[in-house]
Amino acid sequence: VIKQNNRNNYKVFETSISKDFKTMLTMETELRKAIEEQQFELHYQPQKDIGSEKVVGVEALLRWKHPEKGYISPATFIPIAEKTSLILEIGNWVLREACKQNKQWQNQGYTPVVVGVNLSAKQFHQADLVDQVSSILHETGLLACYLELEITESMAMSNEEDIIHTLIGLRELGVHVSIDDFGTGYSSLKYLSRFPVNKLKIDKAFIHENRKQNEAIVKSIIHMSHSLNMKVIAEGVETEEQLHFLQKEKCDEMQGFYYSKPLPATHVTPILQCVK
Ligand code: C2E
Ligand code: MG
Ligand code: MG
Ligand code: MG
């Protein structure tokens, strides 16, 4: 009886693995097609300075507009693209498109904002990343100080020598670097104080799960950032209460549904302010 059961279990297991595998292969083929047929779009989520209440940045967030399935979340397809070199092509497109759009807003006379671009681990670990960024800035005409690259803690932690080299190269270019989803990965205070990073982005889990322990963590991250001469932004701000708490604790910036969801570029334009 036991043998019989095992065999059945094994079968079920095998079927579900090959199904996942097929889904992955299908998605990989479709991702390739998506690049060719330009099915990607960037949405931008505004970031506000908490003190002045002005929009000071926008985070570029990738959207896949699938011809049959509609919008597919990056949380679904980025991990699959990451397993192949497709992520490099996609990442390159995102970087160029975000810089181009930001430059266009500046050309139209809006107060300059910083555009945040998420980097995948593979992208960040390319030996010539700094050169790639530099040539995209040159090509699009965007000044380096209006680009911020978002990396995660785990990306910053591995293979230290190369990482420091890349981070220094980016700093010399004048590009800003932030640590995304801060507090969810491995944080070593030693590397934080040594690495040239400009900003910490407090993970949304600490902001929108209203618990007393989280408030203590958020306070500590804010104070730590400031003592390390870094700026700090809270992600996932959804309520007025959360904003008031961040105001009280002197958090620099905020991003979240309370102010705005990620929007197509044309919807961001009206909320940017005109210079003059
Ligand atoms: P992330 O970089 O941490 O981006 C923030 C995510 O939180 C976005 O999800 C955004 O829509 C969501 N969010 C913003 N405000 C709120 C809020 O108030 N409440 C809640 N519940 N969520 C909020 P999205 O757009 O689905 O992106 C998910 C993740 O996919 C991103 O997390 C990032 O890690 C990755 N991603 C997105 N675009 C790119 C890209 O161009 N390249 C790479 N490598 N990764 C990307
Ligand atoms: Mg991000
Ligand atoms: Mg994040
Ligand atoms: Mg994330």
Side-chain angles (χ1 to χ4, degrees), residues 16-45 58-102 115-137 139-140 147-159 162-163 166-167 170 175 177-182 184-186 201 203-205 235-236 255 261-265:
S16 84
I17 280 206
S18 65
K19 205 175 133 208
D20 285 353
F21 190 65
K22 263 185 215 145
T23 313
M24 216 184 92
L25 280 184
T26 311
M27 196 171 283
E28 203 185 311
T29 314
E30 292 194 10
L31 275 172
R32 245 174 250 285
K33 207 167 136 200
I35 298 174
E36 280 164 25
E37 298 182 0
Q38 299 174 330
Q39 294 167 6
F40 292 114
E41 272 175 33
L42 287 183
H43 284 192
Y44 298 87
Q45 187 175 34
V58 292
E59 179 177 3
L61 292 157
L62 187 57
R63 300 292 180 256
W64 178 8
K65 206 174 171 188
H66 192 284
E68 288 113 42
K69 295 178 192 134
Y71 281 109
I72 302 177
S73 158
T76 311
F77 67 85
I78 293 278
I80 293 172
E82 277 256 20
K83 292 203 171 79
T84 69
S85 59
L86 287 173
I87 193 66
L88 297 180
E89 259 177 88
I90 296 172
N92 212 274
W93 178 83
V94 171
L95 198 54
R96 181 172 286 107
E97 182 66 22
C99 290
K100 212 194 278 174
Q101 178 60 61
N102 202 21
V115 69
V117 173
N118 293 282
L119 289 190
S120 76
K122 260 202 184 126
Q123 234 183 324
F124 183 62
H125 292 130
Q126 293 172 100
D128 65 342
L129 177 76
V130 178
D131 292 341
Q132 288 187 36
V133 172
S134 167
S135 65
I136 287 178
L137 288 171
E139 188 188 308
T140 57
L147 174 64
E148 178 175 289
L149 299 177
E150 300 190 5
I151 61 173
T152 60
E153 284 166 271
S154 55
M155 284 156 65
M157 284 299 285
S158 60
N159 204 2
D162 295 353
I163 300 292
T166 299
L167 289 175
L170 291 172
V175 168
V177 175
S178 63
I179 308 256
D180 202 0
D181 304 339
F182 188 79
T184 59
Y186 298 96
K201 300 193 74 180
D203 191 75
K204 54 180 174 288
E235 292 193 286
Q255 173 181 352
K261 296 201 167 195
L263 304 166

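Positions are given from 1 along the sequence.
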Supply the atom-to-atom distance T76 OG1 to Y71 OH, rounded to the nearest 0.5 angstrom. 15.0 Å
Given Q39, which partner from the list E36, E41, E37 fulfils the side chain to side chain donor-acceptor pair (under 3.5 Å) test? E37
Quick check: do V177 and L167 have side-chain heavy atoms less than 4.5 Å from each other? yes
Start with the C-alpha distance between L31 and T84, add both sets of side-chain angles, then the distance that settles side-chain contact (heavy atoms from CB on, under 4.5 Å), and finish with yes or no. CA-CA 11 Å; L31 275 172; T84 69; over 6 Å; no
To check you understand the geometry: which heavy-atom pair defines the closest contact between A98 and Y44, and what is its length? CA-OH, 3.8 Å
Find the distance between NZ (K201) and CZ (F182) and round it off to the nearest 0.5 Å. 14.0 Å
Closest non-hydrogen atom pair between G116 and E150, with its separation: CA-OE2, 4.3 Å
Mind checking the CG-CD spacing from L62 to E97? Nearest 0.5 Å is all I need. 10.5 Å
Measure the shortest side-chain to side-chain distance between N118 and D180 over non-hydrogen atoms and say whether it is less than 4.5 angstrom. yes
For residues I179 and E153, report the shortest heavy-atom separation together with the two atoms involved. CG2-CG, 3.6 Å
Taking atom CG of L170 and atom CD of E148, what is their separation to the nearest 0.5 Å? 11.5 Å
State, yes or no, whether a side-chain contact exists between F40 and V94 at a heavy-atom distance under 4.5 Å. no
Taking the side chain as C-beta and beyond, is there a heavy-atom pair between P262 and R63 under 4.5 Å? yes
Check the pair R96 / E139 against salt bridge (Lys or Arg N to Asp or Glu O under 4.0 Å), numbers first and verdict last. CA-CA 9 Å; R96 181 172 286 107; E139 188 188 308; 2.7 Å; yes
Any luck finding a side-chain donor-acceptor pair between Q123 and N92 under 3.5 Å? no
Considering all heavy atoms, the nearest I72-F77 contact: O-CE2, 3.3 Å
Tell me the closest heavy-atom pair linking A265 and Q101, and the distance in Å. CB-OE1, 3.4 Å
Within the 4.5 Å heavy-atom criterion, are M155 and T152 side-chain neighbours or not? yes
Can you confirm whether M27 sits close enough to I80 that some side-chain heavy atom of one is under 4.5 Å from a side-chain heavy atom of the other? yes
From CG (L137) to CD (Q132), nearest 0.5 Å: 12.0 Å
Please collect all salt bridge (Lys or Arg N to Asp or Glu O under 4.0 Å) contacts where either partner lies in residues 66-78, sequence neighbours excluded, each pair once. E30-K69
With side chains defined as the heavy atoms from C-beta onward, is the minimum distance between L147 and C99 less than 4.5 Å? yes
Would you give the length of the straight line joining atom CD of Q126 to atom OG1 of T166, rounded to the nearest 0.5 angstrom? 9.5 Å
Do Q255 and Q45 meet the criterion of a side-chain donor-acceptor pair at a distance under 3.5 Å? yes
Minimum heavy-atom distance K100-T140, with the two atoms named: N-CG2, 4.0 Å
Carefully, step by step, assess I163 and F124 under the rule side-chain contact (heavy atoms from CB on, under 4.5 Å). CA-CA 8 Å; I163 300 292; F124 183 62; 3.5 Å; yes
Find out whether V115 and E59 are in side-chain contact, i.e. whether some heavy atom of one side chain is under 4.5 Å from a heavy atom of the other. no
